[in-house]
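Accompanying notes for the structure given below.
Remember, it's 1-based here, ligands and their atoms both numbered in the order they're listed.
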Amino acid sequence: MTERRTVLIRYDEIGLKGRNRKFFEKCLRKNIKRVLSGTDDIHYSSPRGRIFLDIPLGFAPECSVRLKTVPGIASFSIGISMSPDFDAIAALGIKWIEPKLESTDSLKFCVRTRRSEKLFPKTSPEVNFEVGSRIMKQLSLRGLTVNISEAEYVLEIEIGRSETVVFDNREPGLCGLPVGSSGNVLCLLSGGIDSPVSAFMMACRGCRVHFVFFDNQPFLGRGGYDKVLSLAKKINRFQARASLYVVPFEEMQGAIRDHCNEENRIVLYRRMMYRIAGEIAVSKGCMALVTGESLGQVASQTLENLAAVSCVTSISVFRPLIGMNKESIITRAKEIGTYEVSIEPQPDCCSIFMPKNPVTRSKIHFLERDEEKIPWQELSDDALARMEIIKVDDL
Ligand code: ATP
Ligand code: MG
């Protein structure tokens, strides 16, 4: 028989709690099954606020890597299921601790027990004592001491109704809420550093994030398009089933460049993007737009300019990065693996035709006067008619 391991998964916030709890748990279980698909020798169970996986030992490292891509998990541990027999648990502890004592002459340790089966005849502190003293009997002469507050090694025991799991590791998860529990949103994804991070943050709030990219291939070539494809794919690892909408934007940008005031260009591009994205969101069942804007980061992201773009659509606009500085956004981008793609050199569609002095405090009536000079409704209908829809799972 192949040796088995038990993975004990702890939820983070299971949002709204109460009667919705079952729904959130179901979402999380479904997402875990999805990331682990392709390996059929896994057994699932979910007793009392936990998810347990029974996996082959050889799958443990890969399982750990994959679980780290699932929003909604607070942490997980990989351990061994056994009967709640103190001698057997202590023997396992000794087997795990012994190698650590080979490289040091002192190690502070403790046993921590969590007992969800209250019918179990011993309390948690009693179990700690029973197991801890058996281990100490064997290993105290080799430098092992008990230290509860400063333990360098913690042997953990979870005693449930039908299973007891023993483990000595805790891996952090992505936390937040399981994808699918909040609903769909549409992220305006450029090839830059910021918008992929904001998409990731919304996935961790339980949203399935779809993407829209405003493309200008006649001016910029295919580079931006390829970059966005690869970013969408990277973010989709955390959620699956996303769509990417690619909207041809060259006609609209050309019209704004040729007919509108130069200093308003960026804000005008943005207003058009928001309008078109708003229409896509409504027709595809997305309940909010998401952007990578951060207050004051560039001229188009002042309070006045953000207000001047938000007001063109009635749909909610979320800006998860609004209060973050660039450095911490970059740190997140590196953690989620999008940074390397984002920094590949490629002009974006707002940096071409960049005005010398972009307006920082837009006045809405000046913007509206500029918009009257172009047939923007027709241009946006036409762009929507030519939109490409990509299933990111298939990439
Ligand atoms: P990013 O790093 O995400 O590109 P940025 O700091 O370069 O952000 P801007 O170029 O001002 O900021 O863009 C602000 C936001 O507008 C982006 O985060 C993105 O959400 C959206 N956006 C800009 N250009 C496009 C585009 N071509 N397609 C889709 N969304 C875009
Ligand atoms: Mg950008």
S300 contact mode with ligand 1 (heavy-atom cut-off under 4.0 Å): side chain
For Q297, the ligand 1 atoms whose distance to one of its heavy atoms is below 4.0 Å: 6 (O)
Which of the ligand 1 atoms, numbered from 1, are nearer than 4.0 Å to a heavy atom of L189: 28 (N), 29 (C), 30 (N)
Contacting atoms of ligand 1, where contact means under 4.0 angstrom from a heavy atom of V212: 29 (C)
Distance under 6.0 Å and angle within 45° of ring axis: K284 vs Y245: no
Ligand 1-proximal atoms of D215, by part, heavy-atom distance under 4.0 Å: neither
Closest to atom 15 (C) of ligand 1 (judged by heavy-atom distance), picking from K326, E293, R319, Q253: E293
Option set G292, S190, C187, P196, criterion heavy-atom distance to atom 1 (P) of ligand 1, minimum: S190
For D194, the ligand 1 atoms whose distance to one of its heavy atoms is below 4.0 Å: 1 (P), 2 (O), 3 (O), 5 (P), 6 (O), 8 (O)
Atom indices of ligand 1, in the order listed, that fall short of 4.0 Å to a heavy atom of T291: 20 (O)
Per-atom contacts, ligand 1 versus M273 - under 4.0 Å to a heavy atom: 24 (N), 25 (C), 26 (C), 27 (N), 31 (C)
Atom of Y274, atom of L289 and distance for their closest heavy-atom approach: O-CD1, 3.9 Å
N or O pair under 3.5 Å between F213 and ligand 1: no
Geometric N/O contact L188 with ligand 1, under 3.5 angstrom: yes
Donor-acceptor contact below 3.5 Å, side chain N216 vs main chain L220: no
For the student: nearest non-hydrogen atoms of C110 and N147, plus distance: CB-O, 4.0 Å
From S294, S198, S310, residue fulfilling side chain to side chain donor-acceptor pair (under 3.5 Å) relative to R319: S310
Backbone of N305 reached by a side-chain donor or acceptor of R270 within 3.5 Å: no
Carboxylate-amine/guanidinium contact R50 E158, below 4.0 Å: yes
Test side chain to side chain contact (heavy atoms under 4.5 Å, CB included) applied to F211 and V228, step by step: CA-CA 9 Å; F211 308 100; V228 165; 5.9 Å; no
